[in-house]
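Comments concern the structure below.
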Amino acid sequence: METFDFQYPAGQPANGRVMVGVVGSGDLEVLLEPGMAGLTRVRVTTSVNGYGAVWQAQLDRLFKADAQGWPAARVEINDFGATPGVVGMRVAQAFQTLGDAAPGEKS
């Protein structure tokens, strides 16, 4: 097990809390709650060791595409070996569930 923490610039706080995915399904779960304005914090707990650089690259690509477009949030990702595509999909799904569209998407 490894845990990684990342921070990204963001806009105003997200408008609620949400959980998407199921960690025991071979997928991953994303827990999201409002954060401090201007900052999104992401904590990843993964069962796959040695992939810190991969996690950072995936999350950098996702959150830095439109740094101020994402609502400020505290995001917890509990991984059970999900692929990078699933990571992006689940994080976007969490924001969409709140009604906060991800950058480039309409809510």
Side-chain angles (χ1 to χ4, degrees):
M1 293 289 280
E2 286 189 291
T3 301
F4 306 107
D5 291 295
F6 305 98
Q7 295 184 38
Y8 299 98
Q12 292 302 307
N15 62 18
R17 296 176 181 198
V18 71
M19 180 184 93
V20 296
V22 179
V23 73
S25 67
D27 198 345
L28 81 158
E29 78 179 351
V30 176
L31 309 170
L32 184 148
E33 62 185 5
M36 187 182 322
L39 183 66
T40 289
R41 294 176 187 259
V42 180
R43 171 166 278 185
V44 176
T45 302
T46 179
S47 62
V48 182
N49 294 334
Y51 281 85
V54 173
W55 275 103
Q56 182 164 9
Q58 175 64 21
L59 293 171
D60 285 356
R61 187 174 25 239
L62 185 65
F63 284 101
K64 290 183 178 178
D66 183 356
Q68 295 302 315
W70 292 95
R74 287 190 310 253
V75 180
E76 184 174 331
I77 298 173
N78 297 305
D79 175 45
F80 195 70
T83 64
V86 171
V87 173
M89 178 187 72
R90 286 285 183 233
V91 171
Q93 180 184 20
F95 281 101
Q96 288 171 346
T97 299
L98 288 174
D100 291 327
E105 298 178 351
K106 293 183 180 182
S107 54

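All values below come from the heavy atoms of this structure, side chains included, with hydrogens, waters and symmetry mates left out.
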Any side-chain heavy atom of Gln7 within less than 4.5 Å of one from Leu39?
-> yes

When hydrophobic residues are tied together by side-chain contacts of less than 4.5 Å, even through go-betweens, does Val75 share a cluster with Met19?
-> no

Do Trp70 and Phe6 belong to the same hydrophobic cluster, where Ile, Leu, Val, Met, Phe, Trp and Tyr are linked whenever their side-chain heavy atoms lie under 4.5 Å apart, directly or via other members?
-> yes

Determine whether Leu59 and Phe4 make a side-chain contact, defined as any pair of heavy atoms from C-beta on separated by less than 4.5 Å.
-> no

Side chain to side chain contact (heavy atoms under 4.5 Å, CB included) partner of Leu28, chosen from Thr45, Val20, Ile77, Val44 = Ile77

With sequence neighbours left out, the residues meeting side-chain contact (heavy atoms from CB on, under 4.5 Å) with Arg74 are Glu33

Which atom pair, heavy atoms only, marks the closest approach of Gly16 to Leu98?
-> C-CD2, 3.4 Å

Ala94 and Leu32: which non-hydrogen atoms are nearest, and at how many Å?
-> CB-CD1, 4.0 Å

Note: Gly50 and Glu2 closest approach over all heavy atoms is N-OE1, 2.6 Å

State yes or no: do Tyr8 and Met36 share one hydrophobic cluster built from I, L, V, M, F, W and Y residues joined by side-chain heavy-atom distances below 4.5 Å, directly or via other members?
-> no

Value for CG (Asp5) from CD (Gln56), rounded to nearest 0.5 Å, stands at 11.5 Å

Which atoms form the tightest heavy-atom contact between Ala72 and Gly38, and what is the distance?
-> CB-N, 3.9 Å

Heavy-atom nearest pair, Asn78 first then Leu31, reads ND2-CD1, 4.0 Å

Evaluate the side-chain proximity of Gln12 to Pro71: yes if any heavy-atom separation is below 4.5 Å, no if none is.
-> no

Nearest 0.5 Å, what's the OG1-CZ distance between Thr40 and Phe95?
-> 5.0 Å

Name of the residue among Phe80, Tyr51, Trp55 meeting side chain to side chain contact (heavy atoms under 4.5 Å, CB included) with Thr46 | Trp55

State, to 0.1 Å, how close Asp79 and Ala82 come at their nearest heavy-atom pair, and which atoms those are.
-> OD1-N, 2.7 Å

State which residues pass salt bridge (Lys or Arg N to Asp or Glu O under 4.0 Å) with Arg41; sequence neighbours excluded, sorted by chain then number.
-> none

